[in-house]
Structure formats: structure tokens, C-alpha cells
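As C-alpha cells, the structure follows; a few thoughts come after it.
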Amino acid sequence: MQARDEYDVALVGFGPSGAVAAALLGGMGFRVWVGDRLRGVYDKPRAIALDHEILRVFQQIGVIDAVMPHLEPFTPSEYFGVDGQLIKRMTMIAPPYPLGYTPSNVFTQPPVEAALRGRVAQLSNVVVELGVEVNGLEQDGDGATLQLQREDGSPASVSAHYVIGCDGASSTVRRLTGIALDDLVFDEPWLVVDVLVNEAGLKKLPTTSVQYCNPERPTSFVICPNNHRRWEISLKPGEDPKEVATPEGAWRLLAPWIGPQDGELWRQASYRFHALVAERWRVDRVFVAGDAAHQQPPFLGQGMCQGVRDVANLCWKLAAVLRGDVQGQAADALLDSYGEERKAHVRELTSRIKGIGAVICERDPERARQRDAKLLADAGGVVKDTPRQDVMPRLEGGLLSSTPHPVVGTLFPQPRVLRDGQALLLDEVTGTGWRLALQADMPAPAECDGLTLIRVDGDLSETEGVLLDWMQRHRCAAVLVRPDHCVFGAAMDAPQLDTLMNEWRARLT
């Protein structure tokens, strides 16, 4: 048996969530071990959508420039009903964009994952072991130990203060810690087909993404970067998932749009789409994140986004505890807040995604016609644009102020600001720790230790007025922001700010 090696955090799984967690924690100077049973980046696309808050995390870990060439703005999604009429349209919010990036994007997963791994490889304090499988996990009050088996069959072990299981839907970490999954009641068979479409084929296809809400066969069509197009096609009772996932089966189901002469199959895979959420997200020193913690229907492309949200929420909290900034009962409460916040957010977003899926997937023709009529009636007969970001819920509970305010639990904007004549994104100027944003006439609190002060209409010169407009619109003169860009609390005046600061200190001591 190899001698044990001690790390601050051990990560099981080197997919997108594990790679982002390694980059976040490694970038903060912690000793991190990452292990995965597979060696390379999967060479076919699975996730295809990224939100602006995920790009803000990519900015934080230093990969945004490497990622941007592989992104394109998400086209509008048009929903067509039983008789081919337009019944709904989902679009983008209007610029200027609140977080500094296009809010909804499509992307090509393999090169983006490679960029994340490339960033981790630059961190000398992060050790990556590939071709290694976890087969045991023990923990006590001081840390946790993973029992491993390498490709050559030799055993090894790794110990760390904390373990995060980012090891996918069939998570070994989740199994070893006895975490069960809550079933949110969604179970449907679908075929996912990715095609690299040639010029002749592109001329046959829609120029926007489409949801075909046809009871005969509900289908999603997504315009991905360059000539990549994706179809998600529901399967009928009795259809063989294995047969439709063959090239012949896939082309048969694609026949209403294109044929083999119009492009090259990149991937075809049959899935049963589920809605599952871990009943616990923490067992003492072990956490689950990403697909290990939740699985959801694909209708807004939120799977990978949710995994990155998980680790962005967890890693700053682990960092605060590992540094000793938060100790004792406060540290335990801080780490518990991860599961409390993320579980509620995932459940709510999954519920909303299921609602969208219900619109798309109605199989009864009469009920589908009633759906179409109701959607059109609710819109006054004219389909209006619905921004995708309106579907996103705020965080609830956990480490958030108990004083109600519309911005609590939402994302703090990231405007472009001028610094030495150069337009920069806010986080490039202020960093990503705890921040206190104040309007010009709001006095700073007497004690601001551990906070970066942001004077919104003072020494901070915005290029588009995004932040000032946001604060004025939401009637807040002061906003306290967490390291994951989530708003802890807001105040309208100096007495409210004093109350907010006292609550913040009490929650973290």
C-alpha cells in the first residue's frame, strides 16, 4: 500500500464540475487531488448550453479567453403547436447584459473541457490522477480517505480534509456515503442526435431553434456553434432505444428534416431523461455536486450549468473554513448552507423545466390543442418574447440575510467600468471576495474588515450604467455580495445597513 498523501480537498471526477472545482480551489492556493477513471476528454458533445453566470466563473478561473471561440449566442427558441402555429417564443434579454456576457449561449463541449483541464494543469498545487478508480471511502473528525485502484491493479489511498464527489450520475461517492436520490417524477425515453450539417443541409433547416410540440412526436431542434445541429426526439411506446441509436435508426427519425447526404452523424444516443435530486448533499466531510447530486430534463440545457453553480457555491465556503476565517458552529453552518441552497434551487429550477417539458411533450391531441389555445389567449393572441433568464430562480435559505429584499439571493451585476482609460469587467477590478456596493450618498460602515468597497457612482465609472440602474430600480443604497456573486443582503439607508452588517458578522462568527 502506498503511503497516504494529505490534501485540503480531494475531487472524484474530472468532468466540467470537477475541473472547475479544481481550478477554483487550486487558484486559491489549496492542495487539491483530482482523480478520474477515464483518461481523456470525451470527444463528442453532451452539454450544449452555458449561461452568463457560468462564463463569469470561467472568467474567475482564467479560462474565458480560451472558451469564447467555442461559444455562440443561443438563437431564439420558437414553439410550434399541433397545427404548426407559433405558440411561444423564448429569447435573450436585451443588452446591456447584466453580467458582462451574452446571457444564453450554445457551445462545443470537448474543447471547452480541454480548456478547463488545461487551466488545472497550470496549477502546481493540484495533482491529477487519471485511470484511477475509487472503491472505498472512510472519514472521521479530521478528514476522509479514498481507497483507490490504478489501471495496473495496484492499490493506493488519498486523504484530504474534504472530499467532493463530481463523479456523474452513477456516482461512486454518492453510493459509498449512502446518499439516496429523490425522484421528481420525470421518466421519458428520447434519442439525442448531433449532426455536422453541410451547406446543402443547412439550407433545409430552420434559422432559429425550434420546439416541435407535436403530440405525434415531440422534438427539439437546437442550433449549435458553426454547422453543428442537435435534435432531441421523443420515442414512442414500443420503439427500441438501441435500434434508433444506430446510424440507420437515427437517419430514419431525422428524415423530416435532412438525410445522410446532408451531413455527418457526430453522435446518436438514446436516453431516459430523469428528474432526480440528492436527498442529502453533505455527509460530514463529503459533498456531492454536479450529476452526482442531480439529474434533470434537458429542455433548457441546464445540466452542466447546474454543476458549475454547485461547485461555485461550495468552493468559497470550503476555502473560508480551510483558511480558518470561519470556525466552530459557524463553519459547520456555512458548509451545511451549500446543500440547503443548492438543493432548493435545483428542485425549483427542475420544476420549472418540467413545466416547459409539459408544454413540449403533451401526447394527447385534444389536450395539446387546448394548450395551444391557452398559450395564445394568455398572450392576447400575439406571441411575446419570453427571456430564458426569467426562468431562473433565486437562491433561498442558507447563508442569506433574513431581511426580505427583492435582490437577496439574486446575482450581483458585473458592469463594464473604466480603469486608467480601459474598459474592464467589474470583477477584474474588485476581485471576487465579499464586496459591499454603496451609492455615493451612503456612508461606509465603521468596520469594513474583510470587505471590498465599491462606490457605484463615485470612483467607479461605468460605461453603460448597468449597476447604478440596477440599484436604483431595486431601491437599494447598499448591497452586500458573497464571493460567488450572490447577494447576501441589501439596505435602503444607514440604519438598515448597520443591521445588515451586524447580521453578516453574526452569521460568520
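Excluded from the calculations below are hydrogen atoms, water molecules and symmetry mates; all remaining heavy atoms, backbone and side chain alike, are included. Everything numeric here is computed off the predicted structure, so don't read it as measured data.
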Do Q59 and E428 pass the side-chain hydrogen bond (donor to acceptor under 3.5 Å, both in side chains) test, and can you show the C-alpha distance, the side-chain angles, and the key distance before you say yes or no?
-> CA-CA 9 Å; Q59 172 193 329; E428 298 177 278; 4.8 Å; no

Check the pair M501 / R505 against side chain to side chain contact (heavy atoms under 4.5 Å, CB included), numbers first and verdict last.
-> CA-CA 6 Å; M501 297 303 295; R505 294 187 191 95; 3.6 Å; yes

Charged N to carboxylate O below 4.0 Å: is that the case for [X] and [Y]?
X    : Y    : result
D182 : R347 : yes
E396 : K343 : no
D310 : R342 : yes
R282 : D332 : yes
R229 : D194 : no
E462 : R416 : no

When you look at W281 and N313, which way does the side chain to side chain contact (heavy atoms under 4.5 Å, CB included) test go after all the steps?
-> CA-CA 12 Å; W281 292 51; N313 183 299; over 6 Å; no

List for me each residue that meets side chain to side chain donor-acceptor pair (under 3.5 Å) alongside H485, sequence neighbours excluded, and say none if there are none.
-> R435

Across all chains, not counting sequence neighbours, the side chain to side chain donor-acceptor pair (under 3.5 Å) partners of Q439 are none

Begin from the C-alpha positions of L335 and L318 and carry the test side chain to side chain contact (heavy atoms under 4.5 Å, CB included) through to its verdict.
-> CA-CA 7 Å; L335 296 180; L318 284 174; 3.8 Å; yes

Is R89 positioned over the aromatic face of Y79, cation under 6.0 angstrom from the ring centre and no more than 45 degrees off axis?
->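 Verdict for Y79: no cation-pi partner in R89.
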
Does F488 have R482 sitting over its ring (NZ/CZ under 6.0 Å from centre, angle to axis within 45°)?
-> no

Any heavy-atom pair between the side chains of [Y] and [X] that's under 4.5 Å?
X    : Y    : value
F80  : Q85  : no
K354 : P297 : yes
L181 : H294 : no

Closest heavy-atom contact between V57 and A312?
->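 Between these two residues, the closest heavy atoms are CG2-CB, 4.1 Å.
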
Can you see which heavy atom on T91 is nearest to which on P76, and at what distance?
->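 Heavy-atom minimum between the residues: CG2-CB, 4.0 Å.
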
Apply the test salt bridge (Lys or Arg N to Asp or Glu O under 4.0 Å) to residues E341 and K317: give CA-CA distance (whole Å), side-chain angles for both, the deciding distance (0.1 Å), then the verdict.
-> CA-CA 12 Å; E341 293 170 3; K317 296 173 179 177; 2.9 Å; yes

In terms of heavy-atom contacts, does CZ of R475 have more than 12 from other residues, nucleotides or ligands at under 6.0 Å?
-> no

Does CZ in R419 sit with more than 12 non-hydrogen atoms of other residues, nucleotides or ligands closer than 6.0 Å?
-> no

Side-chain atoms of residues 397-407: list all donor-acceptor pairs with protein atoms under 3.5 Å, sequence neighbours left out, distances to 0.1 Å.
residue, atom, partner, partner atom, Å
S401, OG, T403, N, 3.1
S401, OG, E503, OE1, 2.7
S402, OG, E503, OE2, 3.0
H405, ND1, V407, N, 3.2
H405, NE2, H474, O, 3.4

For residues 61-72, please give each side-chain donor-acceptor pair under 3.5 Å, one per line with the distance, not counting sequence neighbours.
residue, atom, partner, partner atom, Å
E72, OE2, N226, N, 2.8

Go through T430 and T452 one step at a time and tell me if the side-chain hydrogen bond (donor to acceptor under 3.5 Å, both in side chains) criterion holds.
-> CA-CA 7 Å; T430 65; T452 297; over 6 Å; no

Could you give all pairs that pass the ring pair (Phe, Tyr, Trp, His ring centres under 6.0 Å) test and reach residues 45-67, with sequence neighbours left out?
-> none

Return yes if a side-chain donor-acceptor contact under 3.5 Å exists between E113 and Q109, otherwise no.
->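 Q109 and E113 do have a side-chain donor-acceptor pair below 3.5 Å.
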
W33 pairs by side-chain contact (heavy atoms from CB on, under 4.5 Å) with which of V128, V163, D8, L146?
->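 Of all the options given, the one that passes is L146.
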
Step by step, work out the side chain to side chain contact (heavy atoms under 4.5 Å, CB included) result for L349 and V391.
-> CA-CA 8 Å; L349 182 53; V391 180; 4.2 Å; yes

Verdict with reasoning, R352 to Q302, per side-chain hydrogen bond (donor to acceptor under 3.5 Å, both in side chains) | CA-CA 11 Å; R352 298 181 186 191; Q302 287 296 304; over 6 Å; no

Considering residues at least two apart in sequence or located in another chain, which fulfil the side chain to side chain contact (heavy atoms under 4.5 Å, CB included) criterion with A344?
->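 Side chain to side chain contact (heavy atoms under 4.5 Å, CB included) list for A344, sorted by chain: empty.
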
Any idea how Y162 and F287 line up, ring-wise: parallel (<30°), tilted (30 to 60°), or perpendicular (>60°)?
-> tilted

Decide yes or no on side-chain hydrogen bond (donor to acceptor under 3.5 Å, both in side chains) for S159 and E6, but give the supporting numbers first.
-> CA-CA 5 Å; S159 65; E6 186 167 50; 4.8 Å; no

